[in-house]
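Presented below is the structure to which this report refers.
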Amino acid sequence: MELWMTEFQTQNLGLACRIKETLFSGQSDFQEISVVDTVEFGRMLVLDGVFQTSVFDEYIYHEMIAHVPLNVHPRPVNVLVIGGGDGGCVREVVKNPAVQQVDMVEIDGVVVEVSKKYLPEISSAMIDKHPKLNLRIGDGIKHVQETEGQYDVIIVDCSDPIGPGEGLFTAAFYRDVYTALKPDGLFVQQTESPFYHQPLIRKSYQDVNQLFPITRLYLANIPLYPGGLHCFTIGSKKYDPLKTDVTKPSIQSGKYYNPGIQRSCFILPEFIRELLQKD
Ligand code: SPD
């Protein structure tokens, strides 16, 4: 019998994947967690029915959420990752030579353990206990509420704005992120699909723009996510992503990311530019 898993991306649209095997399925205090081995995407993490990451295309999301903001900052020494329980984001962050410490605060310890067991190529920095990595199981929202002027870069590698991810898309959270950053700090958040999450993208962009002198949105092509095109929003106190020197040596190519992408990912199609400009 053929087994399929579908993420319903809207009420009328779904991405269905043929499954070879269910490797893990369980309920944590926060969400339903599955790891399935699929024909097209390989092993895949699914939270509350939403496809989070797959061994087939995870490099795109993780390189883009980590290296783009890190390379906008001239000295990203202290970094905070909120969420990112599969470990792919911190795997990339620790590669930046300027980074000395990465605090990672993930709310769901079960996601970390399951990822270490079933997605070792993604979670390698957590498995190896990388010396730059300080991993804490806890509430990222509370962590930024209790922190002032500590981080050069904050990366919000969250799930969708439902369940545990909901509070990470509020103006109050962005205010606390602003306070937790150093005077020249910047932050990035994944902000979903420009085709299917337009109200969310516009609202978060406007909220960030109320606080930060510089707000920019950038894009990456990610086959696993709705519409295949994904948004990331940067709020920056000082450094403008559009002025990054892409010839600096810290900009090392990955599998998707390279100096050209660092620049070109901020070039937006007209419908997204218009979305962000609307009152
Ligand atoms: N709609 C899916 C967005 C998923 C974003 N989070 C991915 C986590 C990967 N570390």
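Order of appearance sets the numbers: ligands from 1, and atoms from 1 within every ligand.
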* Which atoms of ligand 1 have any heavy atom of Glu192 under 4.0 Å away? ->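 Listed by number with element, the hits are 1 (N), 2 (C), 3 (C).
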* Which atoms of ligand 1 have any heavy atom of His62 under 4.0 Å away? ->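 Checking each atom against His62, I get 9 (C), 10 (N).
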Heavy-atom distances under 4.0 Å are what count here, so tell me which part of [X] touches ligand 1: side chain, backbone, both or neither.
| X | value |
| --- | --- |
| Asp160 | side chain |
| Gln190 | side chain |
| Glu58 | neither |
| Phe51 | backbone |

Tell me, which protein residue and heavy-atom name are nearest [atom], and how many Å apart are they?
| atom | value |
| --- | --- |
| atom 8 (C) of ligand 1 | Asp157 OD1, 3.3 Å |
| atom 4 (C) of ligand 1 | Gln52 OE1, 3.4 Å |
| atom 10 (N) of ligand 1 | Asp86 OD2, 2.5 Å |

* More than 12 heavy atoms of other groups within 6.0 Å of Arg263 CZ ->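 Open.
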* Asked: Within a radius of less than 6.0 Å around CD of Glu40, do more than 12 heavy atoms belonging to other residues, nucleotides or ligands occur?
  ->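 No, because the 6.0 Å sphere around CD of Glu40 holds 12 heavy atoms or fewer from other groups.
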* Any ion pair linking Arg136 and Glu106 (charged N to carboxylate O, less than 4.0 Å)? ->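 Result for this pair is no, no salt bridge flagged.
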* Before accepting this row, confirm whether a basic side-chain N of the pair Asp37/Arg43 lies closer than 4.0 Å to the acidic partner's carboxylate O. =>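 Here Asp37 does not pair with Arg43 in a salt bridge, since their nearest N and O are not under 4.0 Å apart.
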* **Sub-4.0 Å heavy-atom approach of Cys158 to ligand 1** =>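 In this structure, Cys158 qualifies as a contact of ligand 1 - some heavy atom is under 4.0 Å.
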* To do: Consider ligand 1: state whether an atom of it lies below 4.0 angstrom from any non-hydrogen atom of Gln9.
  =>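 Contact absent.
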* Asked: Mind checking whether Tyr61 and Phe232 have parallel, tilted or perpendicular rings, split at 30° and 60°?
  ->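 Tilted, since the angle between the ring planes falls between 30° and 60°.
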* Please indicate whether any nitrogen or oxygen in Glu7 is less than 3.5 Å from any nitrogen or oxygen in ligand 1. =>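 No, since none of the N or O atoms of Glu7 sits under 3.5 Å from an N or O of ligand 1.
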* Asked: Does any non-hydrogen side-chain atom of Val156 lie less than 4.5 Å from one of Gln190?
  ->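 No; the side chains remain at least 4.5 Å from each other.
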* Does Gln189 use its side chain to pair, donor to acceptor, with the backbone of Leu168 at less than 3.5 Å? ->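 Checking the backbone N and O of Leu168 against the side chain of Gln189, a donor-acceptor pair under 3.5 Å is found.
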* Asked: Do Tyr178 and Phe212 have their ring centres less than 6.0 Å from each other?
  ->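 Judged by ring-centre distance (under 6.0 Å), Tyr178 and Phe212 do meet the cut-off.
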